[in-house]
Amino acid sequence: MAKPLALVTGGGNGIGADICRAAHADGYRVAVLDARGDAAQAVASELGDAIALTCDVTDEHAVDAALARLGAVPDLLVNNAGIVKFGHLVDMSVADFRRVLDVDLLGVYILCRAVGRQMRERGSGNIVNISSINAITPSLGTNAYAAAKAGLVNLTKLLALELGPHGVRVNSVSPGFVDGGMSTPVFANPRTREIRTKAVPLRRLGATSDIAQAVLFLASDAAPYITGQDLGVDGGLVHSVLAQVPRD
Ligand SMILES: NC(=O)c1ccc[n+]([C@@H]2O[C@H](COP(=O)([O-])OP(=O)(O)OC[C@H]3O[C@@H](n4cnc5c(N)ncnc54)[C@H](O)[C@@H]3O)[C@@H](O)[C@H]2O)c1
């Protein structure tokens, strides 16, 4: 029997690369899509029977061309590609704000639209979108990123309503502090690392593999009745605000 196909955007680095590895270990044939072709190729080569796709998720024509190269409808789509540009909202340029929205929200929509149509026609599939705890409780300086991720969570719920009757489940995962990917420079600072680790109820930073496991769970037969949900994978961080201000 042919292996199921998983398409992972931003699969060339960090969390996305670990999602590719976990999907491969779970028996998927993996398509690693990334704007950085060399990064996509490196992960695909590591896995062996994977496909590398060089593509910017904000370019709908490039996305269509990449999907055509697959020759099959993905069974799992993971919208993981994302960027952040730190700074105060009122000080940033409109161009920067727009670029973050384009990659983190519009790019997700472009992929969901194209692959969602294919899954709807086939009558099955799973989509998992990677959000962030910033969608729920924005951290100062995350500006357009927090706005885009909040939009992504609602987009996920709406898609679940649209595609549910066609056998397609759509969920999101919201990572907390992850020791890797775009947060690598943040946690290279030992003081930040210590403060942030102590703030997490589970007393450790998340690993990229923690996020990958949650994605594969949502897409698996162990979650057949779960759709339209946002799964926090944050060691309890998002619920810890009152723990940070203890009683005397
Ligand atoms: N690392 C964290 O702490 C953290 C926490 C919460 C959420 N997230 C989310 O997890 C996801 C992955 O983050 P990461 O930390 O692994 O980041 P990363 O920067 O390590 O990897 C992102 C990948 O996406 C690719 N990419 C960027 N723009 C693209 C585009 N326009 N088209 C195609 N590919 C593009 C990059 O080339 C890169 O390989 C993101 O959506 C991010 O918002 C990360």
Side-chain angles (χ1 to χ4, degrees), residues 7-22 31-44 52-63 65-67 77-86 96 98-111 114 128-139 141-153 155-156 172-189 192-193 196-197 200 204-212 214-215 230-235 237-238:
L7 171 60
V8 182
T9 74
N13 199 54
I15 293 170
D18 252 8
I19 295 170
C20 291
R21 292 183 188 106
V32 188
L33 184 153
D34 207 288
R36 283 185 46 217
D38 56 337
Q41 190 54 60
V43 174
L53 299 168
T54 307
C55 175
D56 185 324
V57 294
T58 66
D59 180 343
E60 62 178 295
H61 302 297
V63 167
L67 292 177
L77 164 66
V78 185
N79 284 301
N80 163 82
I83 58 168
V84 65
K85 291 180 189 283
F86 293 110
D96 277 355
R98 182 174 281 140
R99 181 62 187 162
V100 174
L101 281 190
D102 276 356
V103 177
D104 295 1
L105 184 57
L106 183 66
V108 175
Y109 170 65
I110 288 172
L111 264 297
V128 181
N129 297 324
I130 307 300
S131 180
S132 162
I133 52 168
N134 280 284
I136 304 151
T137 178
S139 168
T142 54
N143 55 66
Y145 178 82
K149 294 295 188 181
L152 178 151
V153 170
L155 183 84
T156 301
S172 58
V173 167
S174 284
F177 296 152
V178 177
D179 192 10
M182 61 171 61
S183 293
T184 302
V186 175
F187 294 117
N189 178 330
T192 305
R193 198 177 176 85
R196 292 202 158 191
T197 302
V200 180
R204 70 169 175 87
L205 300 174
T208 50
S209 59
D210 291 323
I211 313 308
V215 169
D230 180 54
L231 179 58
V233 184
D234 64 355
L237 179 62
V238 88

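Reckoned from all heavy atoms, side chains included, excluding hydrogens, waters and symmetry mates. Computed from a prediction, not measured in an experiment: that's the story for all the values here. In each ligand, atom 1 is the first atom listed, and ligand 1 is the first ligand listed.
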What residue and atom, counting heavy atoms only, is the protein's closest point to [atom], and at what distance?
atom                    : value
atom 36 (C) of ligand 1 : Asp34 OD1, 3.4 Å
atom 17 (O) of ligand 1 : Met182 N, 3.5 Å
atom 34 (N) of ligand 1 : Ala35 N, 3.2 Å
atom 2 (C) of ligand 1  : Ser183 OG, 3.3 Å

With respect to [X], determine whether any N or O atom, backbone or side chain, lies less than 3.5 Å from an N or O atom of ligand 1.
X      : answer
Gly180 : yes
Ser132 : no
Phe177 : no
Ile15  : yes
Thr58  : no

Any atom of ligand 1 sitting under 4.0 Å from a heavy atom of [X]?
X      : value
Gly11  : no
Gly176 : yes
Ser174 : no
Tyr145 : yes

Test side chain to side chain contact (heavy atoms under 4.5 Å, CB included) applied to Val128 and Ile19, step by step: CA-CA 11 Å; Val128 181; Ile19 295 170; over 6 Å; no
Could you list the atoms of ligand 1 found under 4.0 angstrom from a heavy atom of [X]?
X      : answer
Asp56  : 30 (C), 31 (N), 32 (N)
Arg99  : 31 (N)
Asn80  : 10 (O), 11 (C), 12 (C), 40 (C), 41 (O)
Val103 : 28 (N), 31 (N)
Gly181 : 14 (P), 15 (O), 16 (O), 20 (O)
Asn13  : 16 (O), 18 (P), 20 (O), 21 (O), 39 (O)

Stepwise side chain to side chain contact (heavy atoms under 4.5 Å, CB included) test for Thr142 and Lys149: CA-CA 10 Å; Thr142 54; Lys149 294 295 188 181; over 6 Å; no
Tell me which one of [options] gets a heavy atom nearest to [atom].
atom                    : options                    : answer
atom 10 (O) of ligand 1 : Ile130, Leu111, Thr9       : Ile130
atom 33 (C) of ligand 1 : Cys55, Ala17, Gly10, Ala39 : Cys55
atom 22 (C) of ligand 1 : Gly82, Gly14, Ala66        : Gly82

Val57 contact mode with ligand 1 (heavy-atom cut-off under 4.0 Å):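 Both of them.
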Ligand 1 contact on Ile83 by region, counting heavy-atom pairs under 4.0 Å: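 Contact part for Ile83 vs ligand 1: side chain (C-beta onward).
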Derivation of the side chain to side chain contact (heavy atoms under 4.5 Å, CB included) call for Asn80 and Val215: CA-CA 10 Å; Asn80 163 82; Val215 169; over 6 Å; no
Point-to-point distance, once rounded to the nearest 0.5 Å, from OG1 of Thr58 to CG of Leu101: 12.0 Å
Stepwise side chain to side chain contact (heavy atoms under 4.5 Å, CB included) test for Thr208 and Val178: CA-CA 6 Å; Thr208 50; Val178 177; 3.9 Å; yes
Salt bridge (charged side-chain N to carboxylate O under 4.0 Å, His left out) evaluation trace for Arg99 with Asp96: CA-CA 5 Å; Arg99 181 62 187 162; Asp96 277 355; over 6 Å; no
Donor-acceptor side-chain pairing of Asp230 and Ser172 below 3.5 angstrom: yes
Thr156 side chain to Asn129 side chain, donor-acceptor N/O pair below 3.5 angstrom: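 Yes, a side-chain donor-acceptor pair sits under 3.5 Å.
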Stepwise salt bridge (charged side-chain N to carboxylate O under 4.0 Å, His left out) check, Asp179 with Arg204: CA-CA 9 Å; Asp179 192 10; Arg204 70 169 175 87; over 6 Å; no
Exercise: identify the closest heavy-atom pair between Asp104 and Gly82: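 What the structure gives for the nearest pair is OD1-CA, 3.2 Å.
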